[in-house]
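Written out below as structure tokens is the structure these notes cover.
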Amino acid sequence: MSDAFFEIENLTKNFGELKALDQVSFQVGRDEIVGLIGPNGAGKSTIIRLITSILKPTSGIIRFKGEDITGKPTHKIINKGIASTFQVVKPFRRLPVIANVMVSCLCKRARKTGDWVKTAEARAQNALEFCGILDLANEPAAVLSHGDLKRLELARALATQPELMVLDEPLGGLNPNEASLITKSLKRLHKGGRFGRLHSEGPAMLIVEHKLSELLELADRLVVVNFGRIIAEGPPLEVIKNPEVVKAYLGKEVDQLISDTQH
Ligand SMILES: Nc1ncnc2c1ncn2[C@@H]1O[C@H](COP(=O)(O)OP(=O)(O)O)[C@@H](O)[C@H]1O
Ligand SMILES: [Mg+2]
């Protein structure tokens with residue numbers, strides 16, 4: 001058995017006749033940020049939903065720290081240390097922002113440490129502060145802008161003290177300023193330090209993202225999917241020059257991206 005931190009092996013998902021994923025395999029190391037890219041409909045969100053067990057695979061294995069977690073209930077996966085954010089954000093709209101984050105703090109994993117009633121609130125505040133929306137703590141989630149909702153989604157994931165975060169388009173629909181703020185937060189979080197009491201090092205990350213210049217700032221490695229199969233994998237600057245990736249996904253954007261990363 002492999003000793004990879006996180007590993008997907010031959011993951012296949014059929015929706016009726018449609019093969020949304022076909023024998024997908026890749027790994028995420030403990031210290032890595034891996035970017036998952038590909039055209040619309042390639043299967044990226046399906047991978048995220050399989051990892052978090054919102055969907056069950058047709059076949060294949062998902063392992064976390066050596067353990068087969070395929071198809072385990074979502075709350076157990078969270079308790080093992082995998083937190084996720086979703087492309088479409090769905091908070092409890094009438095609850096205050098802080099209560100939305102405290103709900104995450106009530107999971108078994110977060111309760112392991114100390115006086116959990118106090119720490120749930122403290123940890124929620126900590127997560128909100130980290131994501132830059134502590135000033136909105138007492139507002140109902142319904143009044144938040146799209147950018148702030150994305151930050152709330154991140155705070156909710158953070159509050160579970162994850163070792164691996166799987167993020168589906170964390171920058172989706174954000175303007176360049178908002179995208180840059182979240183990119184910086186993710187970088188800071190990954191480096192570890194102030195946030196997180198279970199692990200001084202920050203969480204590993206698997207990030208699905210279309211905003212490539214931001215993703216290139218974050219990712220140590222890219223995995224590219226197209227029609228449910230991996231077509232390229234490796235160091236970001238090599239992957240984005242790969243002719244198959246350019247043809248399937250990037251088109252002319254690649255020259256701009258390469259010149260962006262050189263500045
Ligand atoms: N619940 C579902 N039922 C049927 N087809 C689905 C379902 N979810 C996704 N698909 C299909 O699977 C393919 C991959 O979708 P998805 O993983 O959402 O792609 P991506 O996130 O890369 O844009 C698409 O063809 C999509 O229409
Ligand atoms: Mg998607």
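Ligands are counted one by one from 1 in listed order, and the atoms in each one are counted from 1 as well.
- Counting protein heavy atoms under 4.0 angstrom from atom 3 (N) of ligand 1 gives one or more.
- G38 does not count as a contact of ligand 1, since none of its heavy atoms falls under 4.0 Å from the ligand.
- Taking every non-hydrogen atom of N40 and a distance limit under 4.0 Å, the qualifying atoms of ligand 1 come out as 23 (O).
- By the 4.5 Å heavy-atom criterion applied to side chains, I240 and L216 are counted as neighbours.
- L154 has its side chain out of reach of P170: every pair of non-hydrogen atoms, C-beta onward, lies at least 4.5 Å apart.
- In terms of protein heavy atoms, atom 9 (C) of ligand 1 is closest to F15 CE1, 3.5 Å.
- With contacts defined as side-chain heavy-atom distances shorter than 4.5 Å, the pair H210/N40 qualifies.
- Ring planes of F5 and F64: perpendicular class, angle over 60° (limits at 30 and 60°).
- Remark: ligand 1 and G43 share an N or O pair separated by less than 3.5 Å (distance only, no angle test).
- Counted within 6.0 Å of CZ on F15, heavy atoms from surrounding residues, nucleotides or ligands total more than 12; the atom is thus considered enclosed.
- At a threshold of 2.8 Å, the Mg ion (ligand 2) has a backbone or side-chain N, O or S atom of S45 nearer than that distance.
- Nearest protein neighbour of atom 14 (C) of ligand 1, counting heavy atoms only, is G41 O, 3.3 Å.
- Between L18 and ligand 1, no pair of N/O atoms sits closer than 3.5 Å.
- Counting heavy-atom neighbours within 6.0 Å of R221 CZ, excluding the residue itself, gives a total above 12.
- Inter-residue side-chain proximity for Q161 and R123 is flagged as met; some heavy-atom pair is nearer than 4.5 Å.
- Heavy atoms of other residues, nucleotides or ligands lying less than 6.0 angstrom from NZ of K56 number more than 12.
- Listed by number with element, the atoms of ligand 1 under 4.0 Å from a non-hydrogen atom of A42 are 19 (O), 20 (P), 22 (O).
- Ligand-side atoms of ligand 1 in range of S45: 17 (O), 18 (O), 20 (P), 21 (O), range being under 4.0 angstrom from any heavy atom.
- Atom 17 (O) of ligand 1 has its closest protein heavy atom at T46 OG1, 2.6 Å.
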